[in-house]
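Here the structure is a predicted model, which is why all the values come from computation and not from measurement. Order of the sequence lines sets the chain letters (A, B, ...), proteins ahead of strands, with each chain counted from 1.
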Amino acid sequence: MGMRFEAVDTKASFPDLEREILAFWNERDIFRASLAQREGAPLWMFYEGPPTANGKPGVHHVEPRTFKDVYPRFKTMTGHFVPRKGGWDCHGLPVELEVEKEIGTTGKRDIEAFGIAAFNARCRESVRRYVGDFERLTERIGYWVDLDEAYWTMAPGYVESVWWSLKSLFVAGLLQEADKVTAYCPRCGTALSDAEVAQGYRTVEDPSVFLRFPIVSAPQADLVGTSMVVWTTTPWTLPSNTGVAVDPDADYVEVSLDGERLIVAAPLREAVLGDGGTDVRRFAGTALVGARYEPPYANVEGAHSVVAGGFVTMDDGTGIVHLAPAFGAEDLAVGRAQNWSVHKPVGDDGRFTELAPAFVRGLFVKDADPKIVEDLRERGVLLRSGTYEHSYPFCWRCKTPLLYYARTSWYVRTTQVKDRLLAVNDDVHWYPEHIKRGRYGNWLENNVDWALSRERYWGTPLPIWRCDRGHLRAIGSLTELGELAGRDVSDVDPHRPAIDEVTFPCPECSDESRRVPEVIDAWYDSGAMPFAQWGYHPDLGRGIDEFERHFPADFISEAIDQTRGWFYTLMAEGVLHFDSTAYRNVVCLGHIIAADGRKMSKSLGNIFDPWEALDRQGADALRWFMITNGSPWASRRIGHEVLDDVVRRFLLTVRHVHAFFVTYAEADGFDPSSPAPPVVERPVLDRWVLSQLAGTAREARDGLDAYDATGAGRRIERFVDDLSNWYVRRSRRRFWNPGGEAERDAAAAFHTLYECLVTLSALLAPFTPFIADTIWRNLAAGRDGHPESVHLADYPSGDEFAIDGDLDAAMRAARSIVGLGRTVRTETKTRVRQPLAEAVVHLPGSHEGLGPLLDVVADELNVRRVVFAESAASFGRWHAKPNFKALGPRLGARVQEVAAALAADEGDLAGALAAGESISVPSSGGEVSLGPDDVDLSHDVREGWGVASDAGITLALDLHLTDDLRTEGVARELIRAIQDARKAAGLEVADRIQLGVEAGPSVSDAFARHRETVANETLAVDVIHGEVEGPAVEATIDDELVRISVRRADYASPADA
RNA sequence: GGGCCUGUAGCUCAGCCCGGUUAGAGCGCUUCCCUGAUAAGGAAGAGGUCGAUGGUUCAAGUCCAUCCAGGCCCA
């Protein structure tokens, strides 16, 4: 005998087993081995989207990391070389905020007091620490990615590569400085990119105020004395009001109300003023243009007039739009055109400055709103105030309301390459597909220039040096910088503040050039990973080969929020630098939300800690949940209950099959290298399960090839259920090999189940890599040339065994029949242990394929024989209903007439159909001929029989009990009771026993007549009437008290010798 | 205001692309059965206006239109 199988502990904790497998992977370096053995194979490139190491990883990191593992593992197993370089996003505001929390700073002034060098050192340290947390989680969930060779966006080589790219943008005129109104976070003290703004919209209530702007002069003199009604939700911008805009083509109306003359746009008259007052006259907006009004707060000389604006809408407000050029994009454009100077009474910290009215100075602008409203009320400027609910952007990290500020920032001119972005996106495969033209496509269509600079500290320094005269120079590397500076700076850390200290004489004018103060958007860093992860730098001759070989990626996967983030920056930089997409296939995932259906947040206290799940249910459970539960692109709720369910329903089922096999294989001494009976010669159940296995393998493979891991996983789940709850259940006793005649059958069963388990292990390997390897290592590793880990094996192709469609269909029918039989037994309260004489089956079409399965059906139903109904005689009255799918297309509306005719049938027509004959029924279009396939048949119950039917299949059970049947039923009850006694006595499955039975006449008679069966089933080598020395149990069978005693026999029966 | 996704049993979700008259699964609940894989398995039951309305069709959970609600995103 060869190697033994190790007993499966059905009580072992999955997390413990997973830790054992992890230790094995580590010790044998299986990940590297899996890569090494595919070296030279076709490359299938994966890019790791770097998580930002600004906090402990959460369960929302497990989701993408699961998918980022499944496909590369699968591709590796299908013969591809899949390098997996890890990566960490190190820079950016999130990291700074985390450090700010640690050291208790609340703004830029504090940070500068703390010292930029010390602050950035803290940032670096924080990143290192959290990367450690990520590494532990990554390993624990079995996400195979090369952590040793991971790229870090803060590494000098990475930064230099980014510099190279920025310099090339600058040289091409695609990186420019511009004055624009941008969303600005006053707390963080920096402008935000559109992508960042997009992440922070929240619905809020803001003040809604309607104001009087009295006209003091106008081209049409009779307008003097009227007041324009102006609306705003940002009272704090009113001290900066410099003008108003109207739509010159729209109608405006003068309303006389409570002695006032008010002007609003005609379409908004009712919304603003209700139906009070009277309309005095209407006129076009042009009439207002050029009028001057008395502003709520005086500021800029010569302004405060009405201009025409194409952006004025009649959607909300009054049609007369308040303009504050310091705080709005359109406002700024108008102000420039009008030559108004910008009045900005607000500092970078979001507080009013000396330029503001005295009563709000020093206040945060949003906090000043009530005071301003009150002031306007007192001065009679306020017409009406209330609140207005709308969505307003907040800083995505610190939740401070964003302010729109006119500021100078650096932009990447992505609008210049918008057409290329759209063209390139055309060739990208999105999963799910709707993202491509939907959310992502829309985003590209609405592309605006990328606000790149950040007035912060911890980031890639913007590599642009400027002299006092404003000459600009972009620097592509430390080498280049050193040449200009006239000293070696190759050891200088390319971060603030060290890099800021490197200056050089301006090549144009010799004035001192200093680096501009900004760092860049960290999203640019991660978008640069296709080249920067290799330190790509053509000027320095670095990383060129690595980059070119590995660009673009075949596969990336992240959650849906990355449409505006990494998916975009990756593609934008791909197009900007290489005129190419950076990826070919994207799997886009939904979000994981809390069990209560809400977003996880600390304040709600509904955070789901992945480690808790990893310690309770384990990584396989978590992974299987991520892959098979719900739609990956929809948001999904996670909680311990659903994970427990995964364990119970799926993982434990897999384990039980494994354990069952090992138990019996060990008992029998099964050796998988023993010659396997040819599949065609195996019993029908074996051929069926192998056909299922082949179909599952094929569908799993096709699913994974099509990036449908969910469909693939669910198919495997169905197979596991078939394997466990049909194949093993039906085959159970075949594994108890008594030798002799049964030898060959047992061999077929063992080989079949072995093949199923080994193949299943490989099928599961990408999904649940732990339990897959547990099974593989026990059953396959080291045998028959199999590698030591399933992750070094090939993915099953489905060609190993034949798919037999006819057999599959026949088994489906057989299982329906069994289900019907159970229904009948339940309904007629006939216990399954009671044998019955006959089951009669009727089903549409040919029943040829079912023939070989009748034994299975008979056994499962515990009937002596199963026969096909030759005629309706076996049943009661028949009913026929049209098979609409068949008849509908043929008959159209007349199908309803046929339905009526069949409903009126007394049983003759249906009976004829049940007998396989054709009939004809009248209809408005003439006689319609119907064959058995054109109808679904059902029937009435017949006296003494139990009948059930479903989907055209009908089953009748003969419930008449003969003495013979009854006795056998009693014997079965006795067997059952003895098995209970064995269990109660704590005996092993294979233990032989001495058996004592004391019973009344009925049971004794049954025992006598079925003595051999009872002894065989219960492994009794010695049977006596009376009692043996050992544990005894009592049972009631057939209304008689039975006393059963068992005792382990210390010798085997002669048959085993 | 616009885009996309989602809406099916108490809960979690299939089914919808490709229409067929009895809408499924798991969990939970009730009753029962079975049991040497047993932290399983099976049957029955309660529980569904398949978000709403209208349309197409002999036939709509499924196709079309409009609307409603939730989510994400954009403005």
Side-chain angles (χ1 to χ4, degrees), chain A residues 8 10-11 194-195 197-199 201 313 315-316 390-391 393 432 434-435 437-443 445-446 559-561 563-564 590-591 593 595 597-599 625 628-631 633-639 641-642 644-650 652-653 655-664 710 714 717-718 721 724-726 728-729 732-733 735-736 818-827 829-833 860 862 881-899 936 938 948 950-951 976 979-980 982-983 987-991 1017-1019:
Chain A
V8 178
T10 54
K11 305 261 194 283
D194 273 40
V197 175
Q199 291 184 42
Y201 275 89
T313 71
D315 294 338
D316 48 21
H390 63 154
S391 67
H434 62 79
I435 305 279
R437 306 247 177 265
R439 188 178 287 200
Y440 188 72
N442 280 334
W443 165 256
E445 290 283 358
N446 297 325
I560 189 154
D561 51 313
T563 43
R564 270 72 185 175
H591 286 127
I593 55 180
R598 295 199 281 184
K599 224 162 129 174
F625 167 83
T628 61
N629 203 271
S631 300
W633 58 87
S635 55
R636 293 177 289 168
R637 301 177 183 205
I638 193 166
E641 281 188 14
V642 290
D644 286 339
D645 197 44
V646 166
V647 171
R648 215 176 26 240
R649 200 185 66 240
F650 183 65
L652 279 176
T653 310
R655 172 191 279 174
H656 281 146
V657 177
H658 179 204
F660 173 86
F661 170 81
V662 168
T663 303
Y664 285 93
T710 304
R714 287 187 185 152
E717 198 165 70
R718 211 163 73 228
D721 187 64
S724 168
N725 289 325
W726 190 246
V728 171
R729 190 157 67 84
R732 213 180 292 175
R733 53 183 53 232
F735 293 90
W736 190 241
V818 167
L820 291 171
R822 292 199 187 114
T823 301
V824 171
R825 280 186 179 269
T826 301
E827 283 175 353
K829 300 204 184 306
T830 312
R831 35 186 27 173
V832 176
R833 272 193 299 268
E860 185 73 16
N862 194 17
K881 210 170 54 176
N883 175 352
F884 286 94
K885 196 159 189 173
L887 289 178
R890 207 168 93 201
L891 302 179
R894 284 187 293 147
V895 75
Q896 305 300 1
E897 296 173 32
V898 172
D936 292 329
S938 60
D950 182 58
R976 165 78 200 114
Q979 301 288 29
D980 264 353
R982 284 182 57 109
K983 241 201 249 183
L987 298 178
E988 294 296 317
V989 178
D991 284 340
E1017 290 290 320
T1018 59
L1019 302 186

Exercise for the section: Indicate, with a heavy-atom threshold strictly under 4.0 Å, whether Arg894(A) touches base, sugar-phosphate, or nothing. Expected result: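 Arg894(A): no heavy atom of the nucleic acid under 4.0 Å.
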Take atom [atom1] of [X] and atom [atom2] of [N], then tell me their distance rounded to the nearest Å.
X         : N       : atom1 : atom2 : value
Phe661(A) : rG36(B) : CZ    : P     : 22 Å
Tyr664(A) : rG36(B) : OH    : P     : 9 Å
Arg718(A) : rG26(B) : CZ    : C1'   : 15 Å
His658(A) : rA39(B) : NE2   : P     : 18 Å
Ile435(A) : rC72(B) : CD1   : C1'   : 10 Å
Asp721(A) : rA14(B) : CG    : C1'   : 15 Å
Glu717(A) : rG26(B) : CD    : C1'   : 9 Å
Tyr440(A) : rG2(B)  : OH    : C1'   : 20 Å

If the [atom1] atom of [N] is compared with that of [M], how far apart are they to the nearest Å?
N       : M       : atom1 : value
rC72(B) : rC13(B) : P     : 16 Å
rA65(B) : rC27(B) : P     : 39 Å
rA9(B)  : rA14(B) : P     : 12 Å
rU62(B) : rG19(B) : C1'   : 6 Å
rA52(B) : rG45(B) : C1'   : 31 Å
rC50(B) : rC11(B) : P     : 16 Å
rG51(B) : rA43(B) : C1'   : 34 Å
rA23(B) : rA59(B) : C1'   : 16 Å

Practice task
Find which nucleotide of RNA chain B each of Arg714(A) and His656(A) is nearest to by heavy atoms, and output the residue with the more 5' nucleotide.
Solution key: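 It is Arg714(A), whose closest nucleotide lies nearer the 5' terminus.
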Problem - Given rA40(B), rA14(B), rA39(B), the nucleotide with the shortest approach to the side chain of Arg648(A) - result: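 That would be rA40(B).
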Exercise for the section: Please report the shortest heavy-atom distance between Val8(A) and Arg655(A), naming the atom on each side. Expected result: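 Closest approach of Val8(A) to Arg655(A), heavy atoms only: CG1-CG, 4.0 Å.
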Exercise for the section: Taking all heavy atoms of Gly590(A) and all of Ala559(A), pick out the closest pair and write down the distance. Expected result: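 That would be O-CB, 4.3 Å.
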Using both distances under 3.5 Å as the test, list the Watson-Crick or G-U wobble partner of [N], or none.
N       : result
rG26(B) : rC11(B)
rG1(B)  : rC74(B)
rA69(B) : rU6(B)
rG48(B) : none
rA43(B) : rU31(B)
rC58(B) : rG20(B)

Handout entry: Contact check, side chains of Trp443(A) and Thr563(A), non-hydrogen atoms, under 4.5 Å
Key =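 No, too far: nothing below the 4.5 Å cut-off.
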Exercise for the section: Over 60° means perpendicular and under 30° means parallel, so classify the ring planes of Phe735(A) and Tyr664(A), tilted if in between. Expected result: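 Judged by the thresholds at 30° and 60°, the geometry between Tyr664(A) and Phe735(A) is tilted.
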